[in-house]
Amino acid sequence: MDDMEDDTTIFSTLKSFKSLISCPDRSLLETEPAYGRSDLQKLYTKRVEAKEAAERVRSHTSLLQLTQEKQQMELSHKRARIELEKEAHSSSRDFQREIDRNGELLLKIKRLEEREEKANQALNEQMENNKVLKRNLEELHKKANEKDSKLAESDQMINELNDETRRLNQKIQIQESKFSTQNLEIQALQEQLDVQRKKYQDVSQKYQNLQSSHSISTESELKMKELERRLALQEQDSVIVKNMKSEMARLPELEREIKRLREENTFLRETKENNSLLKEETEGLRRKLERVERVMEEKLKAELEKEKLEQELQAWENIGQAAGLNIRKPQDLSREVIQIQQRELNLKQQNYTLNSSIRSVEKARAELLPEIAQLRAKAQEEQKKRENQDSLVRRLQKRVLLLTKERDGMRAILESYDSELATSEYSPQLMLRVKEAEDMLQKVQAHNNEMETQLSKAQEEAGTFKLQVQMVTAELEALKEQQLSDAEKNIFSTAEEVSSLRQKIEELEAERQLLEEQNNILEMRLERHNLQGDYDPVKTKVIHLQMNPTSIAKQQRAEDVEQLRLECQLLRDRIRKIEAGGGVTTDDTTLIIPPSQEILDLRKQMESAELKNQRLKEVFQKKIQEFRTACYVLTGYQIDITMENQYRLTSVYAEHMEDSLLFKSSGPVGSGSMQLLETDFSRTLTGLVDLHLFHQKSIPVFLSAVTIELFSRQTVT
Amino acid sequence: MSKTLKGITLKGSAELVAEFFSFGINSILYQRGIYPAETFTRVTQYDMSLHLTTDAKLKNYLTNVISQLKEWLFDCTVQKLVVVITCLETNEVLERWQFDIECDKTAKENSTPREKSIKAIQEEIRSVIRQITATVTFLPLLETACAFDLLIYTDKDLEVPEQWEESGPQLIDQSEEVRLRSFTTSVHKVNSMVAYKRTNSM
């Protein structure tokens, strides 16, 4: 556009220039003829003006050119700028494109890198696969090698087998040759065989003849045997008859013998009874004998005892005589014994009393002895005290003496002081001192008196103790005298008492030992029981915590047992239900055992199979009905199967309901061969039967003929 | 521990004996397998490694009994402590671990501590517990599930606290008894013995 505008400006300037040039030319031309003289001036002015105009035009054109050039420059600048901008745009676009391409390239690079990695991984995997495959290959090589080896072996085997086959073939050939030779032999043998057969036939005929004659001969032999048997029987019978005769002859003799034997029998029975009686008598006598013998023994014993007793009696009597106690009867003896016993009892009582008195005395003595000892000790103490006190008294007396001497001395000093000094200052002091001394003296005297009184008391006590001691000793001596006298008395008692006492002592000792042993045993038992954990309920009691592990464990056990019992019950009930219901497992219990999956599947299968069965049956029923109706309609016959392989056909056009044809299938099932059976209706169709079945042998034609016949009958009538 | 370094008081002796019972009962439960072995941890006591249960209920029960026992030891009213092991199936007593306690009552009146070194007491306790562990070799195996109970023989006139009740001595029918070592703190003397049911194979 700028160019166009530039062109238009250029054209416009050109036009203006041209117009200017033309104008001055015209003006020049016009003005020339008019002015002759001033023409030169005018021409000159005009030239000058034209020159100026031309200069102006030139300048103008140069201006225009410059402006054009400027415009062109501007244009070119603009163009350049535009172009630059375009270039910039384009370069920016290129840049962006490059950037995009860069990005894309980077993405591509990344993808390529990923692909590379994948390819590497794939490569690695492939390498691994390669390795695996190589290994497999190696294994396969090995296997192939093995197989090759095996093949080689098998080849060897095959070779061997081939060799064997060759050998066998050779053998076969040999055998075949043999066979052929043998065939020839066989033929020869067969000819021989034929010859032999003919001979055999002759021989068989002869044999048959022989057999027949043989049979005849056997029959005759049998007859002979029979006859011989009969003969033998008859001989036996004759023999028997003879024997019978002889026996008959013996009969009377036998009768006589029988009589005799009967008499003997009765006689023997009687004797038997007598025998038994005699046996009983003998047994009785034997028992008596035994008893008598026993009695004899007892008698002997009794006699011996009697002798002994007599001796004892005599001894007793002698005792009595020896003891001199006026004994004649045992009563006297018992009396004496009783008396002696009484005496003994009395003596024992006395002994016991004496023993008890002795013991009491001894106890008293024992008690008194320590008292005596105490008293002696006390007496000794008192003596000591007295001695001490005597010594004290002596000391005191000495002190008194000393004090008196001191007093005297002090008095002397005082007197001396009094005599020497006349001042009255010391006299109160001296008086005081004197007073003090006197006080002291009085105290000492009082002390002395007390001591003396104590001493006197002690002496009195000692005296009393001495008296007591004397009394006790006197009592002791008296007791000792009594003891001695008692002892003397007791010595005079019987030695028997002493011995009896000794025996008692020994018994008591034995008892004591026994008791000691029992005591030991009981102590052992007690120790044992103590070890076992026994205790004396009077002194100890056993306690434990109520919530102890054993009771808790027992409770737990009981609860577990209860739970298990309940579970058991429930399971038993379920089992009973299952056995009774046969698959119904509806329970209200919380212990539902889910039926196994197999059972459910099988049940479903069963149900589906039953459904299928039913449906198939229905479908079959329907189909067969349809088919039968179709057959009936199309063929004109209703075909029923009455019995196995028997078919009854009833025609559509049958005149009576019972008119039917019976066919029976002969031959194997499915072969289709049928036979017509006789019925009332078929008798009426004999003509058709003859024609179609016997001559043409075609059942369909026959049936269609029958249909036509019946149809014609119906339509006509 | 209120025992002085130089001597044993009644209270200190009661604590020592209660401590011995606590560890001794744990050892018996572990050795005889009344509770599974994995419920026991090892602790060091008396210079040896002993087992202690970690079962909370059992621990609670044992602390109850032992604390009550400590009081009674201080009062010198307890005579025996017995660990009874019962078979759960037949409810028969299979083993009885009996500890006789003799208390010197003069220690109550006279409160001067007695001269006995704690080391010596611990040595004696150690030998007793070692012997308990060793008895497992000749005791018959406890093949059925068992539970244990702690019985305390006390004076008849003792007031039975709440949660405690009187029970029978739970003796073993046909038992063999073995006396074990004893130890003394000079205030309390503890004799141990074990009684077990005679097995028919013997």
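A note on names: the letters A, B, ... follow the listed sequences, proteins ahead of strands, and every chain is numbered from 1.
For the pair Glu124(B) and Lys116(B), the salt-bridge criterion is met [side-chain N within less than 4.0 Å of a carboxylate O].
Residue pairs meeting the disulfide (SG to SG under 2.5 Å) criterion with at least one partner in residues 23-94 of chain B, sequence neighbours excluded, are Cys76(B)-Cys103(B).
In this structure, the portion of Glu177(B) lying under 4.5 Å from any heavy atom of chain A is its side chain and not its backbone. With a 4.5 angstrom heavy-atom cutoff, Gln98(B) touches chain A only via side-chain atoms. For Glu162(B), no part lies under 4.5 angstrom from a heavy atom of chain A. In this structure, the portions of Lys554(A) lying under 4.5 Å from any heavy atom of chain B include both its backbone and its side chain. Residue contact with chain A, scored on non-hydrogen atoms closer than 4.5 Å, involves the side chain of Gln79(B) exclusively. In this structure, the portion of Val538(A) lying under 4.5 Å from any heavy atom of chain B is its backbone and not its side chain.
Checked by atom type, the side-chain pair Glu102(B)/His188(B) shows no donor-acceptor distance below 3.5 Å. Checking Asn26(B) against His51(B) by side-chain atom types alone, no donor-acceptor pair falls below 3.5 Å. A donor atom on one side chain and an acceptor atom on the other are found under 3.5 Å apart for Trp97(B) and Glu95(B). For the residue pair Gln459(A) / Gln389(A), no side-chain donor-acceptor distance below 3.5 Å is found, with atom types taken as modelled.
Side-chain atoms of Asp75(B) never come within 3.5 Å of backbone atoms of Thr77(B) as a donor-acceptor pair (strictly under, hydrogens ignored). Asn548(A) places a side-chain N or O within 3.5 Å of a backbone atom of Thr550(A) that can act as its donor or acceptor partner.
Ranked by heavy-atom pairs shorter than 4.5 Å toward chain A, the options Gln68(B), Gln170(B), Arg96(B) are led by Arg96(B). Counting heavy-atom pairs under 4.5 Å between each of Leu88(B), Asp155(B), Val178(B) and chain A puts Leu88(B) at the top. The most heavy-atom pairs under 4.5 Å with chain A, out of Asp100(B), Val82(B), Leu158(B), Thr86(B), come from Leu158(B). For the options Leu151(B), Val65(B), Val84(B), Thr154(B), heavy-atom pairs under 4.5 Å to chain A are most numerous at Thr154(B). Top candidate by heavy-atom pairs under 4.5 Å with chain A, chosen from Ser167(B), Ala195(B), Pro169(B), is Ser167(B). Each of Asn91(B), Asn191(B), Val194(B), Asn64(B) has some count of heavy-atom pairs under 4.5 Å with chain A, and the biggest count is that of Asn91(B).
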